[in-house]
There are 2 protein chains.
Amino acid sequence: MDKKSPIKITLTERDESVTITQWVYQTLRSAVMYGEILPGRVLTIRELAGILDVSPMPVREALRQLAAENALEIQGNRRVMVPKMTAMKFNELCEARIAIESHAAARALPYIDNDRLEQLRSLDSMIDQAQEEENLDQISILNQNFHRALYTANPHQVTLPLIESLWLQLGPFMRMATSELEEHYLVDRHNEAMSAIERKDAYALQMAIAADIREGIAFAGTPEMLHTFIENSGH
Amino acid sequence: MDKKSPIKITLTERDESVTITQWVYQTLRSAVMYGEILPGRVLTIRELAGILDVSPMPVREALRQLAAENALEIQGNRRVMVPKMTAMKFNELCEARIAIESHAAARALPYIDNDRLEQLRSLDSMIDQAQEEENLDQISILNQNFHRALYTANPHQVTLPLIESLWLQLGPFMRMATSELEEHYLVDRHNEAMSAIERKDAYALQMAIAADIREGIAFAGTPEMLHTFIENSGH
DNA sequence: CTTTATTGTTTGTGATCACAAAAGCGTGAT
DNA sequence: ATCACGCTTTTGTGATCACAAACAATAAAG
């Protein structure tokens with residue numbers, strides 16, 4: 001019997017064309033991203049291997065990869081855990097997102113063609129729809145897709161892996177906060193971003209992206225709420 | 001007999017307190033960073049295990065970690081190689097460095113105390129000395145240490161892993177270019193940075209960092225030279 | 001001479017095992 | 001109660017093996 005809280009991981013069917021390591025990686029990545037594993041929780045290779053019903057080997061490789069992406073943390077004792085959060089670190093992650101993503105957006109702008117514009121418009125309207133339905137999970141996923149679609153317009157783009165690393169680190173806490181929020185209040189900044197893109201106005205786009213990120217944080221909860229989750233995540 | 005060019009990797013004595021995987025990781029990381037492995041070169045687990053005289057297992061883990069840090073690239077065929085470079089990608093990496101590092105510098109500035117200032121001054125003077133001796137390797141290492149010491153003044157810093165990833169991706173090409181340069185012409189921007197730090201002038205510091213990075217690139221070679229190396233790295 | 005089939009080899013993936021270090025745990029002393 | 005010590009169990013690390021997919025090279029056919 002585990003003394004620690006039992007881990008409940010959402011399992012998906014494994015595609016035969018994908019290696020076991022890749023499947024384990026994606027599964028654990030989602031689990032971390034969606035806060036299914038509490039920060040501070042110690043992960044052992046054998047335990048995860050048992051839960052996922054695979055041998056320890058693919059788990060080892062997936063854990064090392066996630067640690068390299070800063071999604072997990074390897075302590076001096078060689079134990080792996082989901083990193084704990086502090087209010088200051090949370091703030092640093094948000095500011096880093098703004099700095100890097102507004103840069104990536106500006107660098108992508110000149111490459112946005114009609115196809116890409118159409119794709120962004122489509123995502124934008126899907127987000128509007130998800131907001132009416134108040135489907136928080138869907139909003140979160142579509143929002144990521146929107147940002148990704150924007151940045152990857154730049155064919156020589158090199159920052160997306162770095163951005164995804166930041167998303168991974170923020171993920172658990174965004175989720176923990178939003179899941180407790182009944183009333184949420186969200187101004188859609190994507191419309192502003194779309195307008196800036198159509199006008200090819202790099203500065204306005206950067207402002208819209210920055211505002212979107214900031215309000216995504218505010219959407220996640222007030223600083224006090226966040227503080228509560230962060231403090232409680234330790235024990 | 002290998003059909004591909006033989007790999008010559010600088011080996012260091014392995015500290016007993018360090019795991020084999022960590023030692024392999026650091027060894028391969030240095031080899032990539034210093035351009036000892038040519039971009040495009042396919043790396044196999046067993047070959048590296050033979051060169052480093054370890055079993056394939058630690059090599060597997062080190063390769064996966066380096067790939068997660070974008071130092072290596074895993075192709076669809078599951079083969080691992082040092083990523084090839086293009087002029088556009090090189091430019092994107094430089095611009096990403098400027099955006100992220102100037103951000104990190106500004107965020108670190110309020111935390112710089114006397115001890116840190118002294119450390120930075122010491123590194124600054126060591127760089128001056130290395131420049132007089134025209135010791136390119138030493139300059140490069142000290143320059144990295146200077147940047148690291150600056151950014152890590154912020155105790156809640158989260159961007160250093162991202163910055164190091166960019167350094168790793170640029171490393172081979174900086175090296176390849178500098179090694180061919182006889183005449184080099186370098187204005188020391190660290191003095192400007194030091195001055196900005198002492199005045200607690202965030203904007204000036206960002207400008208100095210940006211200039212330092214840009215001139216580090218220029219120092220690496222003219223765009224034409226770089227182009228030569230990039231094109232030749234394919235075959 | 002070029003192209004396609006086929007065979008032999010190399011390589012990554014994944015499973016299993018051995019071992020030393022770390023963690024947990026009960027016992028006893030202060 | 002609290003801490004220290006010795007014992008048992010758990011855990012990460014690393015080595016070795018089996019296997020299927022990818023690759024390379026040769027042979028056959030156009």
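Chain A is the first sequence line, chain B the second, and so forth, proteins listed ahead of strands; every chain is numbered from 1.
Going from atom OH of B:Tyr25 over to atom P of D:dG14 covers 15 Å, rounded to whole Å. Distance, A:Gln75 CD to D:dG12 P: 11 Å, rounded to whole Å. Between the CG atom of A:Leu43 and the C1' atom of C:dA22 there is a distance of 17 Å, rounded to whole Å. Atom C1' of nucleotide C:dG14 and atom CZ of B:Arg78 are separated by 11 Å, given to the nearest angstrom. Per the geometry, CZ belonging to B:Arg79 stands 8 Å off C1' belonging to D:dA22, to the nearest Å.
Using a 4.0 Å heavy-atom cutoff across all strands shown, B:Arg46 reaches at least one base atom of the nucleic acid. As judged by a 4.0 angstrom heavy-atom cut-off over every strand, B:Leu63 is placed among residues making no nucleic acid contact.
By the salt bridge (charged side-chain N to carboxylate O under 4.0 Å, His left out) test, B:Glu16 pairs with no residue at all, sequence neighbours left out. Scanning for side chain to side chain donor-acceptor pair (under 3.5 Å) contacts around A:Ser122 gives an empty result, with sequence neighbours left out. Residues meeting the side chain to side chain donor-acceptor pair (under 3.5 Å) test with B:Gln157, sequence neighbours left out: B:Thr159.
Comparing D:dT13, C:dT13, C:dT11 by their closest approach to the side chain of A:Arg64 singles out D:dT13. Considering only the side chain of A:Ile45, D:dT13 comes nearest among D:dT13, C:dA22, C:dT11.
For B:Asn77 and D:dC23, the shortest distance from a side-chain N or O to OP1 or OP2 is below 4.0 Å.
A donor-acceptor contact shorter than 3.5 Å is absent between the side chain of A:Asp15 and the backbone of A:Val18. Although no hydrogens or angles enter the test, the distance criterion places no donor-acceptor pair under 3.5 Å between the side chain of B:Trp167 and the main chain of B:Gln144.
B:Arg41 has a carboxylate O that lies under 4.0 Å from a charged side-chain N of B:Glu47, or vice versa, which qualifies the two as a salt bridge. Ion pairing between B:Lys8 and B:Glu36 fails under the 4.0 Å rule for side-chain N and carboxylate O.
Of the residues in residues 10-23 of chain A, none lies under 4.0 Å from DNA chain D by heavy-atom distance. Interface residues of residues 51-61 of chain A facing DNA chain D, ordered by number: A:Met57, A:Arg60; criterion, heavy-atom separation under 4.0 Å.
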Validation: residues 67-81 of chain A side-chain donor-acceptor distances under 3.5 Å, sequence neighbours left out:
from    : atom 1 : to       : atom 2 : distance (Å)
A:Glu69 : OE1    : A:Tyr25  : OH     : 2.8
A:Glu69 : OE2    : A:Tyr25  : OH     : 2.9
A:Asn70 : ND2    : A:Ser165 : OG     : 3.4

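Between A:His190 and A:Phe146, the ring planes lie tilted relative to each other; the angle falls in the 30° to 60° range.
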